[in-house]
> 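For reference, the structure I am asking about is given below.
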Number of protein chains: 2
Amino acid sequence: MNLVSNNLVDLAENLRGLGISPTKQRIAIGEVIFSRNQHISAEQILEKVQKADASVSKATVYNTLNLFVEKKIVRELIIDRSKVFYDPNTDFHHHIYNVDTGEIRDISAESLSVTGLPELPSGVQLEGADVVIRVRSKPVESAVSV
Amino acid sequence: MNLVSNNLVDLAENLRGLGISPTKQRIAIGEVIFSRNQHISAEQILEKVQKADASVSKATVYNTLNLFVEKKIVRELIIDRSKVFYDPNTDFHHHIYNVDTGEIRDISAESLSVTGLPELPSGVQLEGADVVIRVRSKPVESAVSV
DNA sequence: GTCAGTGCAAACCCTTTGCAGAAAG
DNA sequence: CTTTCTGCAAAGGGTTTGCACTGAC
């Protein structure tokens, strides 16, 4: 399910359909996340939500994000050592991450494909496959021979 | 460069060759990391090092790991939201991560291949390409329809 | 009225930092 | 001797938790 650009009515309905009671805060958070394709941190979500609807706390943002991830309507991007990013696009796709600027860009699954997924150990279930291409803006001086 | 299973003399020499002065602590840390192929956290490294050589502090472990990563003799695995793992195998390969048990296993680049690496934006240099297959041990009950 | 959801602040945990002392070259 | 490195403890920063309050049904 991909909820990006869903309108508010649909969002509430969709949450309800997943057994998530659509509280004011969850709607506000969902509205921020699903407004467009993006890669956004919890802190950024909190900022944006509070700009639109002051009564959402940090704890609720985290609770809600974890709930959305568990329900698989948001994808968690573990890309940076310091913080998690959240991606409303749950369609299979990959990422290119600039370690210098922090910029994250999508790579479609069509343009970059992963083949040869190994046989999974028994009793184990596939959860996801993440491909992260890391780039840096500038050459590392120390790595360049003089 | 892959330093796994190097002996101590080689390790000191290799560090020196990279402009890393081979202090007692760095050797002790390197000895733990490069003793075998593994995926190990900073905390685990600290434990093991202290078991063998009591005089290494947490700060030095972190400093040394960051130095080794920068010098590209250790690969940093950003796989889990809570902590970074370190991999002495710098040859191109991928990982399968069990989110329930925390187990990390290697997938060779031969068995799983990534094709269609996008053209990088100009002024940007490839730093690495990480593929993580996430699995879980048990089906998520809430995800199973009743 | 009951139970789930929220807000606040404190706790947590991994990682980094500041600085004085120790070691390397 | 000078510079780099280390140890300690404290600070930092993202995330989680405990608990009382609020709101949904």
Side-chain angles (χ1 to χ4, degrees), chain A residues 11-13 15-33 39-50 52-71 74 76-86 99 102 104 142, chain B residues 11-13 15-33 39-50 52-71 74 76-86 99 102 104 142:
Chain A
L11 180 54
E13 279 314 305
L15 294 184
R16 221 185 293 272
L18 292 163
I20 302 174
S21 120
T23 65
K24 196 177 51 155
Q25 289 85 350
R26 287 171 179 165
I27 294 293
I29 293 167
E31 204 179 336
V32 166
I33 299 176
H39 312 96
I40 189 171
S41 69
E43 191 190 13
Q44 292 173 312
I45 292 169
L46 179 62
E47 272 174 32
K48 291 197 176 191
V49 167
Q50 289 189 333
D53 176 331
S55 66
V56 176
S57 71
K58 187 186 287 191
T60 297
V61 168
Y62 278 102
N63 286 340
T64 301
L65 286 171
N66 287 336
L67 180 63
F68 284 3
V69 168
E70 192 188 322
K71 295 297 186 180
V74 164
E76 191 178 43
L77 302 183
I78 300 174
I79 272 189
D80 186 281
R81 50 202 292 160
S82 74
K83 74 183 73 151
V84 175
F85 288 92
Y86 296 89
V99 298
I104 302 173
S142 65
Chain B
L11 180 54
E13 279 314 304
L15 294 184
R16 222 185 292 273
L18 292 163
I20 303 174
S21 121
T23 65
K24 198 176 50 153
Q25 289 85 350
R26 287 171 180 166
I27 294 292
I29 293 167
E31 204 178 337
V32 166
I33 299 176
H39 311 95
I40 189 171
S41 69
E43 190 191 15
Q44 292 173 312
I45 292 169
L46 179 61
E47 272 173 33
K48 292 197 176 193
V49 166
Q50 288 187 334
D53 175 331
S55 66
V56 176
S57 70
K58 186 186 288 192
T60 297
V61 168
Y62 278 102
N63 286 339
T64 301
L65 287 171
N66 287 337
L67 180 63
F68 285 2
V69 168
E70 193 187 321
K71 295 297 187 179
V74 164
E76 191 178 43
L77 302 182
I78 300 174
I79 272 189
D80 186 280
R81 46 201 296 160
S82 74
K83 73 183 75 148
V84 174
F85 288 92
Y86 296 89
V99 298
I104 303 173
S142 66

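Values below: all heavy atoms of this structure, side chains included; hydrogens, waters and symmetry mates excluded. Every chain is numbered from 1, with letters handed out A, B, ... down the list of sequences.
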> If I take atom CZ from residue B/Phe68 and atom CG from residue B/Leu15, how far apart are they, to the nearest 0.5 angstrom?
5.0 Å

> Tabulate below the donor-acceptor pairs under 3.5 Å that side-chain atoms of residues 21-30 of chain A make, not counting sequence neighbours, or state none.
| from | atom 1 | to | atom 2 | distance (Å) |
| --- | --- | --- | --- | --- |
| A/Thr23 | OG1 | A/Arg26 | N | 3.2 |
| A/Lys24 | NZ | A/Ser55 | OG | 3.4 |
| A/Arg26 | NH1 | A/Ser21 | O | 2.9 |

> Name the nucleic acid region contacted by B/Lys24, choosing base, sugar-phosphate or nothing; use a 4.0 angstrom heavy-atom cut-off, strictly under.
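Here B/Lys24 touches no strand at all.
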
> Taking all atoms of both residues into account, what is the closest heavy-atom pair of A/Lys71 and A/Leu18, and its distance?
NZ-O, 3.4 Å

> Considering non-hydrogen atoms only, spot the tightest contact between B/Leu46 and B/Val61 and give its length.
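That would be CD1-CG2, 3.7 Å.
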
> Sequence neighbours excluded, which residues qualify as side chain to side chain donor-acceptor pair (under 3.5 Å) partners of B/Asn66?
A/Arg81

> Hey, which sits more toward the 5' end of DNA chain C by its nearest nucleotide, B/Lys58 or A/Gln25?
A/Gln25

> What pair of heavy atoms forms the shortest contact from A/Ala42 to A/Leu65, and how long is it?
CB-CD1, 3.8 Å

> For the residue pair A/His39 and A/Ile104, what are the closest heavy atoms and their distance?
ND1-O, 3.4 Å

> Over its full length, what angle do the end axes of the helix from C/dG1-D/dC25 to C/dG25-D/dC1 make, each axis taken from five pairs and the result rounded to 10 degrees?
30°

> Would you grab the first and last nucleotide of DNA chain D (5' to 3') that comes under 4.0 Å of any non-hydrogen atom in chain B?
D/dC5 to D/dT16

> As a quick check of understanding, evaluate side chain to side chain contact (heavy atoms under 4.5 Å, CB included) for A/Val32 and A/Ile40, giving each step before the final call.
CA-CA 10 Å; A/Val32 166; A/Ile40 189 171; 4.2 Å; yes

> For a 4.0 angstrom threshold against heavy atoms of chain B, report the outermost contacting nucleotides of DNA chain C in 5' to 3' order.
C/dC14 to C/dG25

> Using a cut-off of 4.0 Å on non-hydrogen atoms, how would the nucleic acid contact of A/Ser82 be classed: base, sugar-phosphate, or nothing?
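Sugar-phosphate contact only - A/Ser82 comes under 4.0 Å of backbone atoms but never of a base.
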
> Using the closest heavy atom to pick a nucleotide of DNA chain C for each, name whichever of B/Tyr62 or A/Ser55 lands nearer the 5' end.
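Result: A/Ser55.
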
> Which residue, B/Gly19 or B/Ala59, contacts DNA chain D at a nucleotide closer to its 5' end, judged by nearest heavy atom?
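Nearer the 5' end of the strand: B/Gly19.
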
> Looking only at heavy atoms, which two atoms of B/Glu31 and B/Leu11 are closest? And how far apart?
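Result for this residue pair: N-CD2, 3.8 Å.
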
> From B/Tyr86 OH over to B/Ile45 CD1, what is the distance, rounded to the nearest 0.5 angstrom?
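Atom-to-atom, B/Tyr86:OH and B/Ile45:CD1 are 7.5 Å apart.
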
> What pairs with A/Gln44 under side chain to side chain donor-acceptor pair (under 3.5 Å), at least two apart in sequence or on another chain?
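For A/Gln44 the side chain to side chain donor-acceptor pair (under 3.5 Å) partners, ignoring immediate neighbours, are A/Ser41.
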
